Amino acid sequence: MDIRTRFAPSPTGYLHVGGARTALFNWLFARKLGGKLVLRIEDTDEKRNTPEARDAITEGLTWLGLDWDEGPDMGGPYGPYSQSERGDIYEKHLQKLQDAGHIYEDAGALRFRSPRQTVVVEDLVCGKIPFDMSNPGTHPDMTIRRPDGSWIFHFVNVVDDIEMRMTHVIRGEDHLSNTPKHIELYQALGATPPQFAHIPLILNKEGKKLSKRDGGSSLAYFIEEGYAPEAVTNYLCLLGWSPKDDREVLKLETIRELFDLGGVNRRNAIFDLDKCFWINGQHIIHMTPTRFMDLTLPFIEKAGIAYGDVSRLAPALAIVQPKVKHLSDVPEWIAFLFTEDFPIDPEASQKVLGKAGAKNRLEALAASLGALGEWNHSAIEAALKACASQLGAKVGELVHPARVAATGRQVGPGLYELLEVLGKDRACARLMKAAASAA
RNA sequence: GACCCUAUCGUCCAGCGGUUAGGACACCGCCCUUUCACGGCGGUGACACGGGUUCGAAUCCCGUUAGGGUCGCCA
């Protein structure tokens, strides 16, 4: 059997992490089994749809590194892939239901008459669940078309899944209770329902469904804050799934190999930004310098850092990569290398340079660094330590003011490496300049 | 309210009848160290409750409680 899954978001607002994870699970499942992933835009509610939201979906998926085989952008054998363009198809299926006597009118809207039987949902994650649909009070007949002719989600969703030959429907658990209604529709349409897999929800810190107000609920947040896509997919897959051993920092390829729907949890997970942050740091540390540059360049460009040629960027990025946690922090971490007019943290300047004796120590350090024949981080380290012992000062008493003098900041790359990349002349000049204003 | 799902450290994830209940994040110590970070070592910290079944339950069953979800002419 050829596996076919789909991600079917509605373009209302941004792509949120819950949607991203649903897309991820569909992608993992399809890709692991050599199946197809379809992107379908569920834009039946015109009032709520925006073009921006449409773009956010495709851009978000692309950013995450998830590709799809059929969709509005590239078409496919079962298109069109936007529900707003599939009116004829819905008409056809509606006619079928009407001919079979499943439809009745109610105040101008059309409703589907439930067979009122027990429907068993067989779910790959949740197991076998019988739903007693016999009570119209608790399971009212669903509306499938509004008086204005527009379509309701349940109907078009099922029609499209039939028409697009979906074999597996992997979606949020919030749809579990809707599934028996969907199955009634499949049966009325004479179609075999796909395999269902309802994955647990992602909750915020308060245990409520993740909403716009929650930090990190939008994928845009992670893009802007400088998360690596592979870190986000890594974290997201860990919400409800695990490789069943102690591994947590995983490549997408590894996750794809290991992924198994049957191994997915049934309990909702609370989103923990701290852990996502940690995973991001892990991915940054371990990624190749090339990857680091690729991910970092947009932030550097945006910040307007005049780095000249990318060859000048490489050494700067090399000293930053092991320590930076947000890619968006990179520009301010490297700014000092590409201009003499870099911003100076006033608090650092006052606190560190204002400390008694700072002037002396900076001058002494400038002198001993200036006398250095070789200019590399180990030579610098040796010289600084020698200088410190000569002055009877702690190493840190030289390191801190030197860092502020050289970078204008208290945090950043390792001092010795940073001075090496800065170059001897510029380094010494900055030490002297800072000394002039130090206490 | 009815129906459905769920219930292991604060959080995420292991455990699927016999474990000193494990790992990670966070937190707290210590070490390394140039700050932050990274790394190393150690610590605090959990089987919601009550009944069963069993020689033996975190694991199986029932109930209670709690949380979440669905019950739309939203998706």
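The structure displayed is predicted, hence computed values, not measured ones. Below, chains carry the letters A, B, ... as their sequence lines are ordered, and counting in each starts from 1.
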Check the interface with nucleotides 68-71 of chain B: list each N/O to N/O pair with the protein under 3.5 Å, or write none.
unit_1	atom_1	unit_2	atom_2	d
rG68(B)	OP1	K208(A)	NZ	2.2
rG68(B)	O2'	N268(A)	OD1	2.8
rG69(B)	N2	S177(A)	OG	3.1
rU70(B)	O2'	N178(A)	ND2	3.3
rC71(B)	O2'	T138(A)	O	3.0

Can you check nucleotides 7-10 of chain B for protein contacts, nitrogen or oxygen pairs under 3.5 Å, and list what you find?
unit_1	atom_1	unit_2	atom_2	d
rU8(B)	OP1	R267(A)	NH2	3.4
rU8(B)	OP2	R267(A)	NE	3.0
rU8(B)	OP2	R267(A)	NH1	2.1
rU8(B)	OP2	R267(A)	NH2	2.4

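With hydrogens and angles left out, the side-chain atoms of H198(A) and T179(A) include a donor and acceptor closer than 3.5 Å. No hydrogens or angles considered: nothing links the side chains of R116(A) and S134(A) as a donor-acceptor pair under 3.5 Å. In this structure, a donor-acceptor pair under 3.5 Å is present between the side chains of R54(A) and S82(A). Looking only at atom types and distance, the side chain of Y90(A) has a donor-acceptor partner in the side chain of D160(A) under 3.5 Å away. Defined by atom type and a distance below 3.5 Å, a donor-acceptor pair is missing between the side-chain atoms of T407(A) and R403(A).
T233(A) OG1 to L252(A) CG: the interatomic distance, rounded to the nearest 0.5 Å, is 4.5 Å.
For F271(A) and H16(A), the ring centers are positioned 6.0 Å apart or more. For F277(A) and H326(A), the distance between ring centers is under 6.0 angstrom.
As judged by a 4.0 angstrom heavy-atom cut-off over every strand, A402(A) is placed among residues making no nucleic acid contact. Across all strands, P147(A) comes closer than 4.0 Å to base atoms (heavy-atom distances). Nucleic acid contact class of E42(A) (heavy atoms, under 4.0 Å, all strands): sugar-phosphate only. Using a 4.0 Å heavy-atom cutoff across all strands shown, K325(A) reaches sugar-phosphate atoms only and no base atom.
Each of N26(A), T167(A), D161(A) was scored for a side-chain hydrogen bond (donor to acceptor under 3.5 Å, both in side chains) with R6(A), with one residue passing: D161(A). Of the candidates Q83(A), H93(A), E163(A), R86(A), V156(A) forms a side-chain contact (heavy atoms from CB on, under 4.5 Å) with just one, namely Q83(A).
In the set rG23(B), rA75(B), rC13(B), the nucleotide with an atom closest to the side chain of E248(A) is rG23(B). Comparing rA75(B), rC4(B), rA26(B) by their nearest atom to the side chain of D274(A) picks out rA26(B).
Computed from coordinates, the K205(A) NZ to rA26(B) C1' distance equals 9 Å when rounded to whole Å. Between M133(A) atom CE and rC4(B) atom C1' there is a gap of 11 Å when expressed in whole angstrom units. For the pair M142(A) CE and rC74(B) C1', the computed distance is 15 Å after rounding to whole Å. For the pair L238(A) CG and rC25(B) P, the interatomic distance rounds to 12 Å; values are reported in whole Å. Separating the CZ atom of R247(A) from the C1' atom of rC12(B) is a distance of 17 Å, rounded to the nearest angstrom.
Taking a pair to require two hydrogen-bonding distances under 3.5 Å in either a Watson-Crick or a G-U wobble arrangement, rU54(B) remains unpaired. Across all strands shown, rC38(B) forms no Watson-Crick or G-U wobble pair with both key distances under 3.5 Å. Searching all strands for a Watson-Crick or G-U wobble partner of rC49(B) with both distances below 3.5 Å returns rG63(B). Under the Watson-Crick or G-U wobble criterion, with both distances below 3.5 Å, rU33(B) has no partner in any strand shown.
Between rA21(B) and rA57(B), the distance separating the two C1' atoms is 13 Å to the nearest Å. Taking atom P in both rU19(B) and rU59(B), the straight-line distance is 13 Å, to the nearest Å. Rounded to whole Å, the separation between the P atoms of rC3(B) and rG45(B) comes to 41 Å. Rounded to the nearest Å, the gap between the C1' atom of rG43(B) and that of rA37(B) is 22 Å. Annotation: rG50(B) and rA58(B) have their P atoms spaced 12 Å apart (nearest Å). Using P as the reference atom, rG18(B) and rC13(B) are 23 Å apart when rounded to the nearest Å. Here the separation of rU70(B) from rC16(B), taken at their P atoms, is 33 Å to the nearest Å. Rounded to a whole angstrom, the distance from the C1' atom of rG15(B) to that of rU64(B) is 25 Å.
Using a 4.5 Å cut-off on side-chain heavy atoms (C-beta onward), P401(A) and K355(A) make no contact.
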Handout entry: Letter per nucleotide, 5' to 3', of nucleotides 28-34 of chain B [B base touched, S only sugar-phosphate touched, - untouched; heavy atoms, 4.0 Å]
Key = ------B

Problem - Annotated protein contacts, base or backbone, on nucleotides 14-21 of chain B with a non-hydrogen cut-off under 4.0 Å, one of B, S, - each - result: S-------

Exercise for the section: Carefully, step by step, assess R146(A) and D148(A) under the rule salt bridge (Lys or Arg N to Asp or Glu O under 4.0 Å). Expected result: CA-CA 5 Å; R146(A) 302 185 189 91; D148(A) 68 1; 5.1 Å; no

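Between Q282(A) and rG39(B) there is a side-chain polar atom (N or O) within less than 4.0 angstrom of OP1 or OP2. An OP1 or OP2 oxygen of rC74(B) is reached within less than 4.0 angstrom by a side-chain nitrogen or oxygen of R146(A). In this model, the phosphate group of rA75(B) is approached by a side-chain N or O of T44(A) to a distance below 4.0 Å at OP1 or OP2.
Between F222(A) and Y227(A), the ring-plane angle classifies as perpendicular under the 30° and 60° cut-offs.
Partners of W68(A) under the side chain to side chain donor-acceptor pair (under 3.5 Å) rule, at least two apart in sequence or in another chain, are D73(A). Not counting sequence neighbours, the partners of R145(A) by the salt bridge (charged side-chain N to carboxylate O under 4.0 Å, His left out) test are E91(A).
Residue K244(A) qualifies as enclosed at atom NZ: its count of foreign heavy atoms under 6.0 Å is above 12.
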